[in-house]
Chemist: 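Take a look at this one; I'll ask things after.
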Amino acid sequence: MRSVRVWARLLGLRNTVVEDVIVNGAGEGVEVVVRVRPGWRQRDRCGLCGRRAGRFDNGAGRRRWRALDLGTSFCWLEADAPRVSCRRHGVVVARVPWARHDSRFTRSFEEQAAWLAVNTSKTAVSELMRCSWRTVGQILERVANERRLKVDLLSGLKSIGIDEISHRRGQRYLTVVVDHHSGALVWAAPGRDRATVLAFFHALGEERCKQVESVSCDMAGWIASAVAERAP
Ligand SMILES: [Zn+2]
C-alpha cells in the first residue's frame with residue numbers, strides 16, 4: 001500500500017487525497033503537516049449546502065485545520081481553500097470533507113472535543129485537547145447545530161418536565177424542558193415567565209401538544225397556567 005494511503009486511513013480521512021506528509025521540528029516540538037485535497041467528487045461544492053458550484057477564486061490561499069494529535073505531536077491538515085459561487089448562497093468557501101464549514105479543526109477533532117465536553121470537566125477538555133475553553137465552546141456550537149438539523153428533539157414527547165434554572169449567580173434564568181422518557185434536555189430559552197412556557201408550546205405545535213400525556217413542574221403559576229391552557 002502506498003504510504004499516502006496509509007496516512008489517509010490512519011487519519012480517518014474519507015473522500016480525501018493525501019498529497020504529502022511533512023514532519024517539522026524535533027523532540028517535544030514535533031508537528032506533522034498533512035497536505036490534502038478533496039477527492040474529485042467532493043471538489044467545488046458549496047460550503048453551506050454541499051451543491052456543486054462553479055469555482056469563483058482561490059480565496060485566501062492555503063489553509064490549515066488542526067487534526068487529532070498523533071501521539072504527542074500536533075497534526076495539521078493543509079489544503080487550498082478556494083471559493084465557489086453557489087446559486088443559493090453566493091460566494092462562499094468551498095466545502096471540504098474533513099471539516100465543518102468555518103472551522104479550523106477537523107471533524108474527528110471536534111467530535112472528540114464534544115464527547116469530552118459532555119463527559120468530563122471543562123479543564124479536562126481544554127488541557128487534553130490543547131485548546132482554549134472558548135474554542136471548545138465554538139466547537140460545541142457547530143456540532144450541536146449539525147445534530148439539530150438531523151434530530152427533531154420535540155418529536156414523540158409524551159412525558160415532560162418543565163423547570164427553571166438560574167445562572168450568573170441567580171441573576172439570570174432559563175426555562176428548561178426535559179423528556180422524562182429519554183432524560184434529554186429538549187428545549188431551553190432565557191426567561192422564567194408565562195410567555196417563555198407558551199413559546200415552548202408554540203414550538204411544539206398544536207398536534208404534538210395533544211400527544212403530551214403528563215407534565216411535571218412545581219406549582220409556580222406561570223408554568224401551571226400555561227400548561228393547563230396548551231396541554232390540558
Ligand atoms: Zn449553497
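In listed order, ligands and their atoms are each counted from 1.
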Chemist: Anything protein N, O or S sitting under 2.8 Å from the Zn ion (ligand 1): count it and give me the total.
Modeler: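 Considering protein N, O and S only, the Zn ion (ligand 1) has 4 within range.
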
Chemist: Counting heavy atoms not belonging to Arg172, are there more than 12 under 6.0 Å from its CZ?
Modeler: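 Incorrect, the count does not exceed 12.
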
Chemist: Nearest 0.5 angstrom please: Arg55 CZ to Ser85 OG, how far?
Modeler: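 Rounded to the nearest 0.5 Å, the CZ-OG separation comes out at 12.5 Å.
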
Chemist: Just checking, Arg192 and Tyr173: is the charged tip under 6.0 Å from the six-membered ring centre and within 45° of the axis?
Modeler: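 Satisfied, under 6.0 Å and within 45°.
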
Chemist: How long is the span from the CZ atom in Arg52 to the CG atom in Asp44, to the nearest 0.5 Å?
Modeler: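 CG of Asp44 is found 7.0 Å from CZ of Arg52.
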
Chemist: Can you tell me how far CG of Asn24 sits from CH2 of Trp76, rounded to the nearest 0.5 angstrom?
Modeler: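 It comes to 11.5 Å.
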
Chemist: How about Asn145 and Arg142: does a side-chain donor come under 3.5 Å of a side-chain acceptor?
Modeler: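 Note: Asn145 and Arg142 side chains miss the donor-acceptor criterion.
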
